[in-house]
Amino acid sequence: MSIPSELYPSQDDLLYEEELLRNPFSLKLWWRYLIARTESPFKKRAVIYERALKALPGSYKLWHAYLRERLELVRNLPISHAQYQTLNNTFERALVTMHKMPRIWIMYLTSLTEQKLVTRTRRTFDRALCALPVTQHERIWEPYLVFVSQRGVPIETSLRVYRRYLKYDPGHIENLIEFLLNSKLWQEAAERLAGVLNDDRFYSIKGKTKHRLWLELCDLLTQHATEISGLNVDAIIRGGIRKFTDEVGRLWTSLADYYIRRQLLEKARDIFEEGMTTVVTVRDFSVIFDAYSQFEESVLALRMETMTESEDEEEDGETENSIEDEDEEDDRLDVGKLEEKLKKFWVSDYKDVNLRIARFEHLMDRRPELANSVLLRQNPHNVEQWHRRVKIFEGNPTKQILTYTEAVRTIDPMKAVGKPHTLWVAFAKLYESHKDIGNARVIFDKAVQVNYKAVDNLASVWCEWAEMELRHKNFKGALELMRRATAEPSVEVKRRVAADGNEPVQIKLHKSLRLWTFYVDLEESLGTLESTRAVYERILDLRIATPQIIINYAMLLEDNKYFEDAFKVYERGVKIFKYPHVKDIWVTYLSKFVKRYGKSKLERARELFEHAVEMAPAEVVKPLYIQYAKLEEDYGLAKRAMRVYDQGTKAVPSNEKLSMYEIYIARAAEIFGVPKTREIYEQAIVSDGLPEKDAMKMCIKYAELEKSLGEIDRARKIYVYASWLADPRSDGDFWNKWHEFEVQHGNEDTFRDMLRIKRSVSARHSQTHVMLPEYLMQKPTVDEAMDALKKAGVPEDEMAALERQLAPAVPKTTTTTTMDSGNRKLGFVSGGVQSSETASGIQNQEEIELPESDDEEDDDDDDGKVEISQKDVPEAVFGGLVRKRDEEEEEQVKKDNENGDAGSRLGALERIKRMRQGN
């Protein structure tokens with residue numbers, strides 16, 4: 001066989017060839033030669049590789065490079081190509097010297113796996129495991145498991161490989177279980193999974209918990225119940241139920257499903273019933289109940305379908321029997337036909353549809369009871385759940401009695417959630433509703449012997465017992481029960497209980513306020529006054545009285561005309577209680593005392609009021625002061641009443657001072673007249689305790705009063721004083737009132753003063769200063785404002801025009817600027833306030849001079865001056881103290897009229913002057 005010419009060394013190869021002849025065992029020379037011939041055909045490079053490997057058979061570098069080029073050569077070729085056989089032979093030759101190199105093995109095994117050579121690949125994997133040290137087996141097992149997991153590999157082969165692998169690394173048993181499940185080997189998969197769960201040292205490399213593995217095992221056992229044997233499925237699943245409480249409902253349904261798949265339907269029902277009666281969560285109960293109801297419904301549907309088919313078969317069988325009647329005697333000996341006839345008998349399971357319907361309906365009817373049982377298993381001391389359970393059996397007294405009996409036996413009063421005494425009471429009322437009073441009394445008698453957590457529970461039982469006796473007209477029995485309940489235990493009993501160290505509530509029952517209150521009501525309704533008073537006194541001696549009991553006791557005595565005894569009870573009440581509880585007692589006591597004695601015991605009443613206001617805190621003292629002042633107004637002195645109001649304004653808190661001052665002012669105006677209120681207003685305004693907002697409101701009212709009395713200057717001074725309390729940004733109402741006041745009663749100067757004060761107050765209250773442009777700071781003069789009004793078509797005020805005509809001309813000066821009548825604001829009248837210019841020589845043209853006497857008044861009339869009309873002083877000025885004087889004056893006027901002096905009518909001021917002169 002001739003070698004192709006292109007495989008011979010060329011002229012360029014001579015240099016490398018000569019060096020190789022001199023040193024054929026140099027790896028460096030061979031590698032340089034291969035690198036230089038990188039672009040040459042593979043055949044020529046293969047010759048060089050073969051020559052190099054012949055000289056250096058143990059070179060890993062040459063073998064690795066050679067095999068990689070071989071693999072690249074066959075990459076795009078079909079696996080049946082001849083080059084694959086050459087590649088395999090090359091790998092075999094390489095492994096003669098490279099059998100300790102795992103990388104060469106992995107390349108070879110990967111190539112064989114791609115070639116789908118199952119037997120050769122398996123044997124090669126085994127050779128690799130035998131050749132390599134155990135520390136490098138992990139690199140071989142990984143592709144080995146990939147190989148046996150491929151399709152086409154026999155399951156038995158794969159299973160044997162996995163078993164061998166588990167001997168190498170038992171921690172990867174989950175891979176075997178997964179393989180078994182994929183291969184549908186349910187028996188071994190269940191066994192392996194059960195072994196994993198029994199191994200306490202097992203750690204999942206896939207992060208699965210024991211709980212999840214339990215669920216997987218349960219699903220496996222139930223879904224393939226007929227294919228798995230040798231395992232105690234019932235014990236396995238029950239062990240999971242005891243160990244894992246999170247998915248108990250699912251485990252119970254899995255166990256029932258296991259028996260259903262094995263056609264053990266009655267056993268499945270028992271499992272469902274057991275599950276529903278043992279789970280402690282509503283979620284698990286819902287899971288089991290839904291599965292149970294679905295199971296019963298499916299079985300019922302199957303039975304109905306089977307019954308329909310059997311009826312059709314019977315019809316067909318009747319036609320056949322009519323033909324075969326002649327051979328009936330011979331059929332009696334045929335066992336097969338006899339069994340078919342027995343199956344068609346009415347007792348057969350195929351005809352039990354009615355039974356299954358009744359069973360399904362019974363299950364649905366039991367759902368509330370079963371759900372309530374679950375909640376009671378969570379906490380058997382839950383009183384509310386026991387009440388709901390009794391309500392479920394409404395209409396069935398026997399069931400209700402059994403439920404109540406179980407409840408009172410189960411519940412521990414010290415651990416109860418709710419009020420356990422309500423179960424005893426409801427139990428007794430059940431007997432009462434069925435006219436069995438004797439048993440109801442027995443239940444109550446047992447109930448009062450129970451050691452409850454709170455005394456109030458035991459007291460409620462006694463009260464309910466007494467109310468039952470009252471409903472049945474046994475009044476003496478009810479009173480006797482209350483006496484028995486409120487009786488104090490003997491000293492011997494107390495000593496014995498103290499020695500035991502566990503004090504029951506029965507020892508404290510005699511101090512139960514609820515029980516005594518009920519006892520008092522019974523005594524008031526059924527007993528005598530003396531017995532009722534004895535009960536009240538006993539309550540006071542035990543120091544368990546409340547303010548309401550004190551008031552009730554006093555009212556009882558008052559109704560029976562024991563007034564002094566009633567007041568003594570009030571006195572005891574105000575000594576026992578403190579504020580705020582004693583407030584109602586004081587109010588009732590004072591009102592009753594004043595109503596009873598009035599003016600006859602005024603000094604005693606004053607002492608009571610003084611003591612009451614002295615003891616009362618500021619928050620609740622206001623009604624007492626008002627009541628005290630009312631007493632003085634009705635039965636005492638007006639001055640003392642005013643003094644009480646004055647004390648009240650100082651004693652009440654700041655938020656109530658304004659209302660107290662308003663009451664004070666109203667009463668003072670009615671009694672002493674309006675002028676008396678000025679002192680009160682001034683006192684309120686300068687008071688330290690009155691808030692600024694309330695002081696400002698008081699100033700406004702004071703100013704309105706002065707304005708109504710015609711004291712314009714005093715009103716203006718009040719506004720000026722109050723202006724420093726009012727922020728123009730928030731108290732716009734005050735400034736609007738002052739503005740209206742100046743428009744009605746002021747002049748230009750007073751209005752300017754008001755604006756100036758407003759600006760000063762704004763600057764004082766302002767915290768941010770805004771710089772405005774100069775043209776916005778310039779204010780128009782009065783003439784400019786008048787011109788603007790004329791241009792706008794606004795008619796000029798007639799009064800202002802008349803003032804312009806009457807005002808004399810004032811010479812203009814260059815050094816000073818004066819305010820003439822032409823610059824006067826519209827609608828203003830002089831208030832008598834002179835500006836600095838007026839003081840320097842310019843007189844006010846609108847000044848009014850009042851005559852000093854009657855003669856001067858007559859002379860002024862002769863001079864042609866304007867006559868000033870007199871006005872009557874308002875009656876509110878003089879108040880109620882001068883009403884008698886007014887009545888006397890009216891009688892005098894009537895006498896004058898009768899004497900013919902009706903024509904000489906005098907004003908109020910003139911009459912007062914003459915009366916004073918006459919005196």
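Just so you know, these numbers come straight off a predicted model, no measurement behind them. For the numbers below, each heavy atom of this structure counts, side chains included, while hydrogens, waters and symmetry mates do not.
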Less than 4.5 Å apart, any side-chain heavy atom of [X] and any of [Y]?
X	Y	value
L513	I549	yes
N451	M414	yes
R604	F593	yes
V299	F360	no
N379	Q385	no
Y519	R514	no
K473	F475	yes

Task: Sequence-distant partners of A371, side chain to side chain contact (heavy atoms under 4.5 Å, CB included), two or more places apart - done: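 With sequence neighbours excluded, A371 shows a side chain to side chain contact (heavy atoms under 4.5 Å, CB included) to F285, given in chain and number order.
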Open item on the list: Could you work out, with side chain to side chain contact (heavy atoms under 4.5 Å, CB included) as the rule, every residue matching T222, not counting sequence neighbours?
Closed with: I237, S254, D257, Y258
Open item on the list: Can you pull out every salt bridge (charged side-chain N to carboxylate O under 4.0 Å, His left out) where at least one residue sits in residues 442-454? Sequence neighbours excluded, please.
Closed with: D445-R484
Open item on the list: Any side-chain to backbone donor/acceptor pair from T277 onto E274? Under 3.5 Å, distance only.
Closed with: yes
TODO: Say whether, by atom type as modelled, one donor and one acceptor occur between the side chain of S433 and the main chain of L430 under 3.5 angstrom.
DONE: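 Between the backbone of L430 and the side chain of S433 there is a qualifying donor-acceptor contact (under 3.5 Å).
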- [ ] Can you tell me which residue pairs pass the side-chain hydrogen bond (donor to acceptor under 3.5 Å, both in side chains) test with a partner in residues 359-368, sequence neighbours excluded?
- [x] E273-R366
- [ ] Would you mind listing every side-chain hydrogen bond (donor to acceptor under 3.5 Å, both in side chains) that reaches into residues 560-577, with sequence neighbours excluded?
- [x]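 Of all non-adjacent pairs touching residues 560-577, those that pass side-chain hydrogen bond (donor to acceptor under 3.5 Å, both in side chains) are E537-R572, E564-Y597, E571-Y589.
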- [ ] Could you tell me if the ring centre of W462 sits under 6.0 Å from that of H421?
- [x] no
Open item on the list: Quick check on the 6.0 Å ring-centre criterion: do F427 and Y431 meet it?
Closed with: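 That pair passes the under 6.0 Å test.
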Task: Between D234 and Y259, a side-chain donor and acceptor under 3.5 Å - done: yes
Open item on the list: For K419 and S460, which I'm curious about, is there any donor-acceptor pair between the side chains at under 3.5 Å?
Closed with: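 No, S460 and K419 have no side-chain donor paired with an acceptor closer than 3.5 Å.
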Task: Within 6.0 angstrom of K511 NZ, more than 12 heavy atoms from elsewhere - done: no
TODO: Decide if atom CZ of R471 counts as having more than 12 heavy atoms of other residues, nucleotides or ligands within a radius under 6.0 Å.
DONE: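 Enclosed: over 12 neighbouring heavy atoms sit under 6.0 Å from CZ of R471.
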Open item on the list: Run the salt bridge (charged side-chain N to carboxylate O under 4.0 Å, His left out) test against K583 and tell me which residues pass, sequence neighbours left out.
Closed with: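 Checked K583 against salt bridge (charged side-chain N to carboxylate O under 4.0 Å, His left out); zero matches.
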Open item on the list: Regarding E394 and K391, does a basic nitrogen lie under 4.0 Å from an acidic carboxylate oxygen?
Closed with: no
